[in-house]
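Take a look at the structure set out below.
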2 protein chains.
Amino acid sequence: MNTKSSPRTPSRPRTASPNRRERASDQRATGAVAAPTFKPIHTRRTFEEICERIREQLALGILKPGDKLPPERDLAQQLGVSRNVLREALRSLEMAGVLRLQKGVKGGAFIQEGDTRRMNEVMRDMLSLGTISVRELSEARVHVLDLVVQLACANARRADLDALEANIERTELATREGRLLDRVECSREFYKLLAASTGNKVIAMIVDSVTEIHMRFVYAKVASSGVAMARLAEKRRQFLSALSERNVALASRLLRSHLESVQRMLEQDPGAMSLHVALADVQPGMRR
Amino acid sequence: MNTKSSPRTPSRPRTASPNRRERASDQRATGAVAAPTFKPIHTRRTFEEICERIREQLALGILKPGDKLPPERDLAQQLGVSRNVLREALRSLEMAGVLRLQKGVKGGAFIQEGDTRRMNEVMRDMLSLGTISVRELSEARVHVLDLVVQLACANARRADLDALEANIERTELATREGRLLDRVECSREFYKLLAASTGNKVIAMIVDSVTEIHMRFVYAKVASSGVAMARLAEKRRQFLSALSERNVALASRLLRSHLESVQRMLEQDPGAMSLHVALADVQPGMRR
DNA sequence: TTCCATTGAATGGGTGATCCATTTAATAAT
DNA sequence: ATTATTAAATGGATCACCCATTCAATGGAA
């Protein structure tokens, strides 16, 4: 009758677990005026707690990029959890780009520099899950790029302009040699450089994430149809020229009209625009 | 001498493991022509493979929100991996907002609707890790909100405006009753509603992510100093009025000037602006 | 019949022990 | 000195359990 329910001596102490529970249900008494504030539905699990503790140390500045966490076996013991559940937490943080795990003696879990590409993954997931649409993404991209042009005109430094110039040269070379897919890769890089030239990494991250997806569509289109944007390098040069002269209005107009023509190209054959084609797998040559 | 290196009868069969290994080390023979294409540094691990397979099914539309994966024990067997390593993968996908795990019979791993709050976490991590700065974040927020005003003027529907109106009323109530922190919560909601009124979820997601962090600073400031923005509701009403009349120039100007005054308030005491204060833990009342 | 308590199976949550694979430092052999 | 060998540390992965929760089925009481 009591085989599994009765008092049961706790074979392992289960350190700190009770406290955690309490903290979770503490959650905002808020003066108890507005009644319908229910606490979040799913109970706090160990691995979430671990992730949070580590993130907390990060936010507090106790842990910084380059630091190493204790070995799994030690850390698990310190936290009073099994190694397996600790690993679930470390995995999650690794996927989140916060940690890098390295094998061997002198290996361990190292705090990483933030990986800005993480936002790309968020966008991809949102698209895969149907939370956002391709249309919304394209629209957002156009608007954000317009903002980027303004900021780039204001903030681009010599080195940024030079990098863009070098990119255009690579584009010309790829065009002459008929390497269409490499040219798409150049485009991707062009927008990345443009975004970087705003001098604002938040903006750059946002632009990169939407551009990365957009370029998958372009890549798929070019790969399947063999068509390619005409006079690309020429248009880029005009744009760069406007940018160098800090001519916001002209640069903005040029880019917008280019984006529109790309959009028309993509929409010629709506079938090729399917999510699956673009997202199904990492395109060759596209580093993640 | 041979304790672990020699031919060694494999004491346990290690289902399917050898195949995976081979595939992992196969990794890009690359024809050996273009020398400088090094393969990515860290070897492919099982859980990554699993995550990728599941994401692939998502992108292909085979899995859709609401669908349930097989039970852990079954799926582990199907994939030829241990249950533990499968769980590492599921944990990662859960943290990524792709899955929700639910206990009990009729429980399982369900594909979720995309959780747009995930981008908040990316921003928080980037800030914690020092990859982006508070300055960049504030700056980006101002610019993006400017864009939001334009889009909202163009696209806001009646329901959006009504929701903003209701929000302002809550703000007024909180002001009258002196609930300053609730008023901050109202502000957060205000920007969320404003972002939603653009009709573009990508933009909305971006705005929410930067606003969420910004509001932590405001919250910390208000909580510690007791000061609060004067004539907040009044300013909100003016803004909403401009928005309703689709007066982009006015709405934009009003918002910008408000943002500047908030910024001045925050910068009065730079000490309170430390990351740690704002990020250290989830602020009470801020739902994640 | 209707309703409520009990039971039991399914399923995720978590543990501990054990082995493998990789990396590096220390050591020995040349 | 240089190079090969060994050993230890550490993450990667597996297996075999057990617990806690959930829910449907069952059965007795009203």
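Below, read A as the first sequence line, B as the second, and so on, with proteins coming before strands; counting in each chain starts at 1.
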| said: Using a 4.0 Å heavy-atom cut-off, does E88(A) contact any base of the nucleic acid, only the sugar-phosphate backbone, or nothing at all? | reply: nothing
| query | Counting just side-chain N and O atoms, does S82(B) come under 4.0 Å of either OP1 or OP2 of dC15(D)? | reply |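 False: S82(B) side-chain N/O out of range (4.0 Å or more) of dC15(D) OP1/OP2.
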| Presence of R73(A) side-chain N/O under 4.0 Å of dT10(D) phosphate oxygens OP1/OP2 |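 For R73(A), the contact criterion (side-chain N or O under 4.0 Å from OP1 or OP2 of dT10(D)) is not met.
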| note | The residue, V105(B) or N84(B), whose nearest nucleotide of DNA chain C is more 5′ is V105(B)
| message | If you assign each of V85(A) and G104(A) to its closest nucleotide in DNA chain C, which residue comes earlier from the 5' end? | response |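 With V85(A) and G104(A) compared, the 5'-side residue is V85(A).
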Would you kindly give the [atom1]-to-[atom2] distance between [X] and [N], to the nearest whole Å?
| X | N | atom1 | atom2 | answer |
| --- | --- | --- | --- | --- |
| R87(A) | dG12(D) | CZ | C1' | 5 Å |
| Q77(A) | dT15(C) | CD | P | 13 Å |
| K103(A) | dG11(D) | NZ | P | 11 Å |
| F110(B) | dT22(D) | CZ | C1' | 12 Å |
| E72(A) | dT18(C) | CD | C1' | 15 Å |
| E48(A) | dG12(C) | CD | C1' | 13 Å |
| L86(B) | dA13(D) | CG | P | 12 Å |
| E49(A) | dG14(C) | CD | C1' | 15 Å |

| query | Could one point to a donor on the side chain of R83(A) or the base of dG12(D) with an acceptor on the other under 3.5 Å away? | reply |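 Present.
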| field | dG12(C) base / R91(B) side chain donor-acceptor hit below 3.5 Å | value |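 No such pair is found, so the answer is no.
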| query | Does Y191(B) have R141(B) sitting over its ring (NZ/CZ under 6.0 Å from centre, angle to axis within 45°)? | reply | yes
| Are Q57(A) and R55(A) close enough that a side-chain donor and a side-chain acceptor fall under 3.5 Å? | no
| query | Salt-bridged, E212(A) to R124(A), with N to O below 4.0 Å? | reply |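 Salt bridge flag = yes for R124(A) with E212(A).
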| message | Has E121(B) got a side-chain atom pairing as donor or acceptor with R118(B)'s backbone, closer than 3.5 angstrom? | response | no
| query | Want to settle it: does Q102(B) or D74(A) sit nearer the 5' end of DNA chain D, counting the closest nucleotide to each? | reply | D74(A)
| query | Got a sec: does the NZ of K68(A) have more than 12 other heavy atoms crowding it under 6.0 Å? | reply |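 Count over threshold, so yes.
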